[in-house]
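Keep in mind the model is a prediction, meaning the values are calculated, not measured.
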Amino acid sequence: MSSRLVLSFSGKILGEFALSKPVTVLGRNPDSDIVVEHAAVSSRHALFRQVDRTIYIEDLASTNGTVVNGITVATQVLHHLDLIEIGQHKLHFFDDALLTGKVSDLEDTVHTDFERTMLVRDVPAAPVTARSDPELSKTVYMPRPTLLAPGTGAAPDTRYALKGLGGKQAGQVIELTRANTMIGAAGADAAVVIRRAGSLYLARLSGRNPTRLNRAELGPGTHEIRAGDRIDVGDSSFEVISLDASPVTPGENFTTVIHGAKEDNP
């Protein structure tokens, strides 16, 4: 299956992206596969997952949600000509196998009462420029109905962390201070812990082996996690802890993740 996304903003085409990888991450973070620099887009906003010949979109507990054909979704199978809204940007999904030659000039096409899309001709494969942004975790909220219920976690100032139980990070404590914290190995078994409004969510990113939450295989989309939960990613295992309830004991290896790097704190 050959699929692609055409990204636009206010009617202007910004770029075209082939969905050729098992997982493609979209967000404001420069490390994302598709970088969209806009305050309404979360650092890691959504991902596109390819399973056999099917493409899924999964919202990563973003501030403003992910909308497909006018409906806010947590996870959704994509079909040819679907319209995706990420903040104020639009993404048009194309299955190249269903296109007969080149499509016509930019025009509106209505397929159902709720689905609207635009066909594009000779879209340039222009890259979306990424840049370093120290304010990646700050996203402007846009009022919009959402299907992702707000978490029932603790107050926003509660300090959470992951305590390594096994694997290369056994004994380490990774404080969850950022909006998104990746765990596992990049390009292999990996997952992301997302912090939104005082609640924590877990989503699988990549890898041959399933991510497990409390020893059960993690399904698509985001899943709320709480203190006491166990996470297994590849050969690493973690426990979610509250630093307020379980302060780091002397001698423990305390690690803070800052912009993807680790800093050991004495």
Side-chain angles (χ1 to χ4, degrees), residues 1-28 32-36 38 40-42 44-60 62 64-128 130 144 146-148 187 190 192 203-208 210 218-222:
M1 179 178 181
S2 178
S3 303
R4 57 193 167 103
L5 296 166
V6 175
L7 175 68
S8 63
F9 181 80
S10 298
K12 180 181 179 181
I13 302 300
L14 300 182
E16 177 182 339
F17 306 89
L19 296 177
S20 56
K21 298 168 57 178
V23 174
T24 301
V25 177
L26 179 148
R28 202 166 74 246
S32 301
D33 299 298
I34 302 175
V35 179
V36 181
H38 193 278
V41 179
S42 295
R44 286 187 175 87
H45 195 107
L47 64 79
F48 299 87
R49 189 185 304 279
Q50 183 169 328
V51 180
D52 296 327
R53 298 177 59 84
T54 302
I55 301 291
Y56 297 82
I57 185 171
E58 300 175 18
D59 182 80
L60 296 177
S62 62
N64 291 307
T66 299
V67 177
V68 178
N69 299 327
I71 299 174
T72 303
V73 301
T75 181
Q76 175 75 31
V77 175
L78 292 178
H79 301 283
H80 180 54
L81 301 178
D82 275 352
L83 172 61
I84 305 159
E85 294 175 79
I86 302 287
Q88 297 179 2
H89 287 71
K90 293 183 179 180
L91 289 152
H92 299 88
F93 176 78
F94 295 94
D95 181 352
D96 290 342
L98 298 180
L99 290 175
T100 56
K102 293 184 178 179
V103 297
S104 61
D105 290 334
L106 197 63
E107 62 181 0
D108 292 334
T109 306
V110 179
H111 293 277
T112 66
D113 289 341
F114 62 86
E115 181 184 85
R116 236 178 124 72
T117 189
M118 302 167 74
L119 299 180
V120 182
R121 179 178 186 177
D122 298 329
V123 179
V128 178
R144 175 183 281 166
T146 178
L147 296 183
L148 186 61
V192 60
R204 178 175 175 265
L205 280 181
S206 62
R208 294 179 177 272
L218 195 71
T222 56

Atom [atom1] in [X], atom [atom2] in [Y]: separation rounded to 0.5 Å?
{"X": "Asp59", "Y": "Gln76", "atom1": "CG", "atom2": "CD", "result": "12.0 Å"}
{"X": "Phe48", "Y": "Ile84", "atom1": "CZ", "atom2": "CD1", "result": "4.5 Å"}
{"X": "Leu5", "Y": "Ile57", "atom1": "CG", "atom2": "CD1", "result": "8.0 Å"}
{"X": "Glu85", "Y": "Thr72", "atom1": "CD", "atom2": "OG1", "result": "9.0 Å"}
{"X": "Arg49", "Y": "Leu19", "atom1": "CZ", "atom2": "CG", "result": "13.0 Å"}
{"X": "Lys12", "Y": "Leu7", "atom1": "NZ", "atom2": "CG", "result": "11.5 Å"}

Check whether any side-chain heavy atom of His45 lies under 4.5 Å from a side-chain heavy atom of Val36, and answer yes or no.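 Answer no - side chains too far apart.
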Minimum-distance pair of heavy atoms, taken over all atoms of [X] and [Y]:
{"X": "Ser3", "Y": "Ile55", "result": "OG-CG1, 4.0 Å"}
{"X": "Asp95", "Y": "His80", "result": "N-ND1, 3.0 Å"}
{"X": "His92", "Y": "Ser8", "result": "CE1-OG, 3.8 Å"}
{"X": "Arg204", "Y": "Pro210", "result": "NE-CA, 4.2 Å"}
{"X": "Asp82", "Y": "Val77", "result": "OD2-O, 4.1 Å"}

Donor-acceptor pair, side chain of Asn69 and main chain of Leu83, under 3.5 angstrom: yes
Keeping Asn64 on the side-chain end and Ala40 on the backbone end, is there a donor-acceptor pair under 3.5 Å? yes
Would you call the rings of His38 and Phe9 parallel, tilted or perpendicular, taking 30° and 60° as the class edges? tilted
Could Arg4 and Phe94 be counted as a cation-pi pair, given that NZ or CZ must be under 6.0 Å from the ring centre and within 45° of the axis?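 Yes, Arg4 lies over the aromatic ring of Phe94.
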